[in-house]
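Just so we're on the same page: letters track the sequence lines, and every chain starts at 1. These numbers were taken from a predicted model, which means no experiment stands behind them.
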2 protein chains.
Amino acid sequence: MDACAHCAVRESAICHSLPEDRLEELSRYGRRQNVTRGQTLLWEGEDSLLVGNVIDGVLKLSASTWDGCDQTLGIAYPSDFIGRPFGTKSQQSVTALTDAMVCTFTRADFDAVAQRNPDLEHSLLQRTLSDLDHARRWMLLLGQKSAIERVASFLLEMASRLSEDGEDEAGRIVFELPFGRQEIAEVLGLTIETVSRQITRLRCDGLIETPGKRTIAILDREELETRAESA
Amino acid sequence: MDACAHCAVRESAICHSLPEDRLEELSRYGRRQNVTRGQTLLWEGEDSLLVGNVIDGVLKLSASTWDGCDQTLGIAYPSDFIGRPFGTKSQQSVTALTDAMVCTFTRADFDAVAQRNPDLEHSLLQRTLSDLDHARRWMLLLGQKSAIERVASFLLEMASRLSEDGEDEAGRIVFELPFGRQEIAEVLGLTIETVSRQITRLRCDGLIETPGKRTIAILDREELETRAESA
DNA sequence: CGGATCATTGACTGGTGTCAACTTAGGTGG
DNA sequence: CCACCTAAGTTGACACCAGTCAATGATCCG
């Protein structure tokens, strides 16, 4: 299959590091797979039998405590890598937040190809290093920030990832969240009620608008950045 | 120099993946460096000019909020890798918790050697992947766990990293923390007073003893594990 | 002995969680 | 087309955990 050549993330996923002929080798093992919203690809604590690239859609990585509280540990967008190569168990579940398309490999196949292609490993290393940086920045948020700071930070991050076109005619930054309130709460380590209250507060203060349940319009980006840092 | 051949972490740091001759190449760029307790090797937000391996001692990775609250993002033990290769800025500071010895390289030198040695990159990838797993498990703690659960989890993790010999004659697991109370608080996203209160509580409940300020003796590991999970 | 640093304890406050009621939006079927 | 139903979000009242501020206690060291 030459699906890789026309892949939407051909230039941005870790595969970009492979030349044509090596790409063909990899593509023999790959499998394009549709995932429906809510579907879980990998379960926490189970053997990570597959790894892969996100082609389209948004997925979350999550783990839960003994009593069933979920914490979202990361968010995977198109061209992100998911799963745990060279390991045994996946420490987190991977679940689709939207309908999605992923390109999967069995871990064994991927590991073997990676061993033969240092450039692929280098790309994966680069990506893993920035995932680690990102996870650690999120630790600062979870460890130290107040509810309002968390929500403001979250909206700003979402804005930068999801609003391809800058501002609309009214100077607003508008985007559609792939999250419900409960899912936002799980990202931020808060409850759904607290998230709701903080969003209401930001709306009342005139920093944002919420035209639809999952739609956010940022009116005052600067002030929102202030709220993300200080009280 | 043939320091590498006799290095205390020769078999466990990422260098273990290099054969003799390649190791010699790397060693030409490396510099053994003593670090005194409290000294900071890298600053948050500054260009990560150097990277390296921890040979001896314990260091912390940390970041702080605008108002000066510190959050510890990771702990580096002997054979761990520190710094951010292939990047520009270090997202976190690296500070010694104890007097330590590190083996450093300029980032430029290391990047170049890594490019020529896929095995070295593979080791670094493995290590980075497990650092990422570890950071994400910590996110679950910061996002969802109560103070008592955090402290219990912390003590158990420290026990497994620091108590080489199992139990003493009285069946206790004894170890010396490289942390003061304030530093524990920064790891757990709590205040020093809360940490102190929870440790007192565990002592009163007969699960641990604290023979010295920084010494911990675990009396009832099982019960401590229960406290780390549930209320 | 006195001072400095670190840890502990107490009293109080406040932010976030909990529980419950209500609102809104969207979809289905009569 | 509207009534109803359900799921999701919002709002309010209250409780409780952890933060804050302040005082006390323990160790170490000059």
Completion exercise
When rounded to whole Å, the CD1 to C1' distance for the pair B/Ile192 and D/dA22 reads 14 Å
What are the atom names and distances for every N/O pair under 3.5 Å that joins the protein to nucleotides 12-15 of chain D?
unit_1, atom_1, unit_2, atom_2, d
D/dG12, N7, A/Arg197, NH1, 2.9
D/dG12, O6, A/Arg197, NH2, 3.4

Handout entry: Phosphate contact (D/dT11 OP1 or OP2) by A/Ser196 side-chain N/O below 4.0 Å
Key = no
Completion exercise
Those residues at least two apart in sequence (or on a different chain) that pass side chain to side chain donor-acceptor pair (under 3.5 Å) with B/Thr36 are B/Gln39
Problem - side chain to side chain donor-acceptor pair (under 3.5 Å) partners for B/Asp70, two or more places apart - result: none
Problem - Sugar-phosphate, base or nothing in reach of A/Ile199, heavy atoms under 4.0 Å - result: nothing
Exercise for the section: Report the residue (B/Lys213 or A/Arg181) whose heavy-atom-nearest nucleotide on DNA chain D is the more 5′ of the two. Expected result: A/Arg181
Exercise for the section: State, with a plain yes or no, whether a side-chain heavy atom of A/Cys15 is found less than 4.5 Å away from one of A/Val9. Expected result: no
Problem - Protein-nucleotide distance (A/Gln182, atom CD; D/dT10, atom P), rounded to Å - result: 13 Å
Handout entry: For A/Phe175, ring-ring contact (aromatic ring centres under 6.0 Å, His included) partners two or more places apart
Key = none
Handout entry: Separation of atom CZ in B/Arg214 from atom P in D/dT27, rounded to whole Å
Key = 15 Å
If you look only at distance, which donor and acceptor atoms sit under 3.5 Å apart when one is on a side chain in residues 184-193 of chain B and the other is two or more places apart or in another chain?
unit_1, atom_1, unit_2, atom_2, d
B/Glu186, OE1, B/Lys60, NZ, 3.2
B/Glu186, OE2, B/Gln182, NE2, 3.2
B/Thr191, OG1, B/Thr194, N, 3.3
B/Thr191, OG1, B/Thr194, OG1, 3.0

Exercise for the section: Round to a whole Å and report the spacing from CD of A/Gln144 to C1' of D/dG19. Expected result: 12 Å
Exercise for the section: Please work out whether the ring planes of B/Phe86 and B/Phe110 are parallel, tilted or perpendicular, with thresholds of 30° and 60°. Expected result: tilted
Exercise for the section: Quick one: list whatever passes side chain to side chain donor-acceptor pair (under 3.5 Å) with B/Ser12, sequence neighbours left out. Expected result: none
Exercise for the section: Return no unless some side-chain N or O of B/Thr194 is found under 4.0 Å from OP1 or OP2 of D/dG19. Expected result: yes
Handout entry: Sequence neighbours excluded, every pair satisfying salt bridge (Lys or Arg N to Asp or Glu O under 4.0 Å) that has a member inside residues 33-54 of chain B
Key = B/Asp47-B/Arg107
Handout entry: Contact boundaries on DNA chain C for chain B, cut-off under 4.0 Å to non-hydrogen atoms
Key = C/dC6 to C/dA11
Handout entry: Integer-rounded Å distance: D/dC17 C1' and B/Lys145 NZ
Key = 17 Å
Exercise for the section: Give the rounded distance in Å between these two atoms: CZ of B/Arg150 and P of D/dC17. Expected result: 14 Å
Problem - A/Thr215: partners by side-chain contact (heavy atoms from CB on, under 4.5 Å), with sequence neighbours left out - result: A/Val174, A/Glu176, A/Pro211
Problem - Distance, rounded to the nearest Å, where A/Leu177 contributes CG and D/dA8 contributes P - result: 16 Å
Exercise for the section: Take the protein atom CD1 of B/Ile148 and the nucleotide atom C1' of D/dA18, then report the distance between them rounded to whole Å. Expected result: 13 Å
